[in-house]
Amino acid sequence: MTEFAIKVYRAVLSIPLGSTRSYKWVALKAGRPGATRAVGSILNKNPYPLIIPCHRVIKNNKEIGGFAFGTKTKKALLDSEREVLKCLKNKK
DNA sequence: CAAACTATTCAGC
DNA sequence: GCTGAATAGTTTG
């Protein structure tokens with residue numbers, strides 16, 4: 001666990017539910033622009049994959065990068081989040 | 001401490 | 001659109 005990793009986690013946690021951000025974006029928020037691969041490496045071995053919405057982080061091309069539980073799982077999570085968000089937005 | 005690896009990104013063709 | 005090279009940090013020996 002390093003400071004950079006903490007910043008990355010904070011940035012990822014700052015991503016609104018149902019939204020996605022690119023690795024570059026996270027790297028920028030972490031204060032290390034250009035360290036996009038480093039961000040991926042950290043998330044890949046991230047100690048708390050369940051408390052870190054790492055599935056909200058995707059490639060800059062909108063493509064699904066990777067996921068410790070499988071890319072399909074990541075897609076499923078994104079879809080589920082979107083559904084939940086829609087439900088919340090629907091209010092009443 | 002140094003080498004290798006990585007869930008990426010940019011430039012060139 | 002695809003291939004090749006570069007960047008930055010983590011992890012392992």
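For clarity, every value in this text was computed on a predicted model and none was experimentally measured. Letters go in sequence order (proteins before strands), and every chain restarts at 1.
A:Ser41 and A:Lys45 share a donor-acceptor pair across their side chains, judged by distance under 3.5 Å alone.
Shortest non-hydrogen contact noted between A:Ala35 and A:Phe4 is CB-CZ, 4.1 Å.
Each of A:Lys24 and A:Pro49 lies near DNA chain B, and the nucleotide nearest A:Pro49 is the one positioned closer to the 5' end.
Taking 4.0 Å as the cutoff to heavy atoms of chain A, we find the contact window on DNA chain B bounded by B:dT6 to B:dC10.
By the side-chain hydrogen bond (donor to acceptor under 3.5 Å, both in side chains) test, A:Arg21 pairs with no residue at all, sequence neighbours left out. Residues forming a side-chain contact (heavy atoms from CB on, under 4.5 Å) with A:Glu3 (at least two apart in sequence, or on another chain): A:Ile6.
Side-chain contact between A:Lys24 and A:Val39 is absent, with no heavy atoms from C-beta onward closer than 4.5 Å.
Pairs passing the ring pair (Phe, Tyr, Trp, His ring centres under 6.0 Å) check and including a residue from residues 46-92 of chain A, sequence neighbours excluded, read A:Phe67-A:Phe69.
Rounding to the nearest 0.5 angstrom, the gap separating the CD1 atom in A:Ile52 from the CD1 atom in A:Ile15 is 10.0 Å. Distance CD/A:Glu83 to NZ/A:Lys86: 6.5 Å, rounded to 0.5 Å. Taken from CZ in A:Arg82 to OG in A:Ser19, the straight-line distance is 10.5 Å, to the nearest 0.5 Å.
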What one-letter contact string describes nucleotides 6-13 of chain C from 5' to 3', where B marks a base within less than 4.0 Å of any protein heavy atom, S marks contact via sugar-phosphate atoms alone, and - marks no contact? BBBBSS--
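Note on A:Asn60: only backbone sugar-phosphate atoms sit closer than 4.0 angstrom, heavy atoms only; bases stay farther off.
When base pairs are accepted only as Watson-Crick or G-U wobble with both N-N or N-O distances under 3.5 Å, DNA chain C takes part in stems of 3 or more pairs at B:1-6 with C:8-13, B:8-13 with C:1-6.
The only member of A:Ile64, A:Val8, A:Thr20, A:Leu43 that meets side-chain contact (heavy atoms from CB on, under 4.5 Å) when paired with A:Val57 is A:Leu43.
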